[in-house]
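Please see the structure below; I have some questions.
From a predicted model like this one, the values you see are computed outputs, not experimental measurements. Worth knowing before you read on, the calculation uses all heavy atoms, side chains too, and leaves out hydrogens, waters and symmetry mates. Note that ligands are numbered from 1 as they come in the structure, with each ligand's atoms numbered from 1 the same way.
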Amino acid sequence: MGATVGRIPRCGTGPTGSLGVLRRHCRFASRTTTLLRSADFLAKLFILISELNSRDAMVPVMLCGLHARRVASHMQTSRLNVAMIGHGFIGRVHSNAFHQAAHFFQIPYELNLKVVCGRNRATLEAMASQWNWEEVATDWTQVVTRPDIQVVDIAVPNVLHAPIAISAAQAGKIVLCEKPLAASVQEAEQMAEAARRVPNLVWFNYRRVPAVGFAKRLLDEGRLGKIFHYRALYLNQSGNDPSKASGWRYRRAEAGSGVSGDLLSHVIDMATYLNGNIAELCATTHTFASGRDVDDAAIVMVRFKNGSVGSFEASRYGVGCSNRNVFEINGSQGMLRFDLEDMNRLEFFDATQPPNLRGTRKLLVTGPDQPYAENFWKPGHTIGYEHSFIATLGDFFTALSRQEVFRPSFGDGLAVQRVLERVHKSAETGAWIKCN
Ligand SMILES: NC(=O)c1ccc[n+]([C@@H]2O[C@H](COP(=O)([O-])OP(=O)(O)OC[C@H]3O[C@@H](n4cnc5c(N)ncnc54)[C@H](O)[C@@H]3O)[C@@H](O)[C@H]2O)c1
């Protein structure tokens, strides 16, 4: 399921070759520096690349001059040029994360905000200037295959994820894609297949909230015992707000689905991350606004493979809730509860304590010895929404430099898409549907 981010794509078949060599940059950096200084640089570089390739027994080496020049520039600078497609809400969040990641994480790359792509040149230029992007472009097809781009970040409406990701992956780029991964399982399968040989991630950023990471640690340590219940809500009130309800999220042709792809996808990813795979589900969806062709609310009953039962609810009519992303887990030895609207806290009830000392503890998850305590501020100094994106990038590029597996990958995005498809099928038929 997880992509080994350091896996080297085949060399000699396009720009993937230079990317592959880049990934081994750290290991061979000192040797490369010596080579770069020498007069017969190109000949020696050729030999070095031959050695690198033979180690993985990947390909015969056929470096053209252009290729060699690209390799040399990567090796000297460790600079990765980023192209971001989309510059709306999440485009600003990603821009911030690209700027901040190396401030909080020791990553051996300089993330250079090279080009941002959108449709309206005026708003694009204003955004580029505010967030320090070097260039703007209005046609993504001209951007994602550019030889000087190493990272393509997808921050556009959902139905555009597949064509952009497939094109970027086929050009050998590192591909970062917003959730939901795709508008259908078929698209998600094509994306996962195209991205098999390139480093990739899907922005299920809530896995990187420290309180969520700490919940995962407590669960992995068995602190909750046998899990009985997993319940989750993701509610906002945008559907009840006419100014918001006219946007692309409310049109199937651009969003693929409604609240299910938008908010329920996060719930499914978080639930499977924390509580394991889903065995079967039964769902209902509802559309409140007449004439709208996407779901406004989704309610799902779930049986997990670990024997627990669960319920998921997502709605854009959760009036009173701005971004209420909640889970609560009951086990034989305790309870965990999280609410994104109070994201530095994790509630923990320890049922192994003597009865007269039991009570729900509201842990402030800012360290010490808690996730990202070493990366962000001192204990007690709280963090925000943006840090979950910074941590996602920090972990991703750390894994890339170490050739380690990173998750959530496109494989995880595909798994969520398969659950979403079953939600829609169950909502149509009223039947329980198995998830394999
Ligand atoms: N991870 C999260 O928590 C999270 C939060 C919000 C949004 N998202 C996801 O991010 C994506 C974008 O959402 P948003 O809220 O930023 O939307 P938005 O409407 O604020 O921005 C969409 C952007 O896409 C651009 N765009 C549309 N069509 C384009 C095209 N053909 N070429 C280039 N650019 C184009 C628009 O100009 C705009 O800049 C969605 O997939 C959404 O699900 C994820």
Exercise. N/O to N/O below 3.5 Å, does that happen between Trp140 and ligand 1?
Worked result: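 It does not: no N or O of Trp140 is found under 3.5 Å from an N or O of ligand 1.
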For this session: Kindly identify the option in His161, Met84, Lys179 whose heavy atom sits closest to atom 42 (C) of ligand 1.
Result: Lys179
Exercise. Can you tell me if His161 and Glu187 form a side-chain donor-acceptor pair at under 3.5 Å?
Worked result: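 Checked: His161/Glu187 side chains show no N/O donor-acceptor pair below 3.5 Å.
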For this session: Among all protein heavy atoms, pick the one closest to atom 3 (O) of ligand 1 and tell me residue, atom and distance.
Result: His266 NE2, 3.1 Å
For this session: With atom 15 (O) of ligand 1 as the reference point, say which of His94, Arg249, Arg92, Glu254 has the nearest heavy atom.
Result: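 Comparing heavy atoms across His94, Arg249, Arg92, Glu254, the nearest one to atom 15 (O) of ligand 1 lies in Arg249.
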Exercise. For atom 12 (C) of ligand 1, which candidate among Gly118, Cys177, Ala155 holds the nearest heavy atom?
Worked result: Ala155
Exercise. Of all the non-hydrogen atoms in the protein, which one sits nearest to atom 44 (C) of ligand 1, and at what distance?
Worked result: Glu178 OE1, 3.0 Å
Seminar exercise, completed: In ligand 1, the atoms that come under 4.0 Å of a heavy atom of Gly88 are 16 (O), 20 (O), 21 (O), 23 (C), 38 (C), 39 (O)
For this session: Provide, to 0.1 Å, the distance between atom 41 (O) of ligand 1 and the closest protein heavy atom, together with that atom's residue and name.
Result: Asn158 OD1, 2.7 Å
For this session: Could you see which bit of Trp248 sits under 4.0 Å from ligand 1, with heavy atoms only: side chain, backbone, both or neither?
Result: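 Side chain only.
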Exercise. So, for Tyr372 and His387, is the gap between ring centers shorter than 6.0 Å?
Worked result: no
Exercise. Are Met127 and ligand 1 in contact, using a heavy-atom cut-off of under 4.0 Å?
Worked result: no
Problem set entry | atom 36 (C) of ligand 1 [closest protein heavy-atom partner, distance rounded to 0.1 Å] | Arg119 NH2, 4.0 Å
Exercise. Considering all heavy atoms of both residues, which atom of Lys216 and which atom of Tyr273 are nearest to each other, and what is their separation?
Worked result: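 Looking at all heavy atoms of both residues, the shortest contact is NZ-O, 3.1 Å.
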Problem set entry | His266 and Tyr234 aromatic ring geometry - parallel, tilted or perpendicular at 30°/60° bounds | tilted
Seminar exercise, completed: If you scan protein heavy atoms around atom 5 (C) of ligand 1, the nearest is Ile90 CD1, 3.3 Å
Exercise. Is the Trp203 ring parallel, tilted or perpendicular to the Phe389 ring (thresholds 30°, 60°)?
Worked result: tilted
For this session: Could you tell me the residue and atom name of the protein heavy atom closest to atom 24 (O) of ligand 1, and the distance to it rounded to 0.1 Å?
Result: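 Protein heavy atom with the smallest distance to atom 24 (O) of ligand 1: Pro157 CD, 3.4 Å.
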For this session: With heavy atoms of Tyr385 as the reference, note each atom of ligand 1 found under 4.0 Å away.
Result: 3 (O), 5 (C)
Exercise. Picking from Val143, Val82, Leu80, Asp148, what satisfies side-chain contact (heavy atoms from CB on, under 4.5 Å) with Lys114?
Worked result: Asp148
Problem set entry | For atom 39 (O) of ligand 1, closest protein heavy-atom neighbour |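 Among all protein heavy atoms, the one nearest atom 39 (O) of ligand 1 is His87 N, 2.9 Å.
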Exercise. Hey, does Gly91 come in under 3.5 Å of ligand 1, counting only N/O atoms on both sides?
Worked result: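 There is no such contact.
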Problem set entry | Enumerated ligand 1 atoms positioned under 4.0 Å from heavy atoms of Trp203 | 1 (N)
Exercise. So do Val116 and Trp131 actually touch side chain to side chain, heavy atoms under 4.5 Å?
Worked result: no
Exercise. What class does the angle between the rings of Phe288 and Tyr317 fall in, given that below 30° is parallel, 30 to 60° is tilted and above 60° is perpendicular?
Worked result: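 Judged by the thresholds at 30° and 60°, the geometry between Phe288 and Tyr317 is tilted.
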Exercise. Between Phe348 and Arg223, is there a cation-pi geometry (under 6.0 Å to ring centre, at most 45° from the normal)?
Worked result: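 No, cation not above the ring by the 6.0 Å, 45° rule.
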Exercise. Nearest protein heavy atom to atom 31 (N) of ligand 1, by residue and atom, and its distance?
Worked result: Leu160 CD1, 3.6 Å
Exercise. Minimum heavy-atom separation for Cys282 to Ala431, with atom names?
Worked result: SG-O, 4.0 Å
Exercise. Under 6.0 Å between the ring centres of Phe397 and Phe105?
Worked result: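 No, they do not, as the ring centres are separated by 6.0 Å or more.
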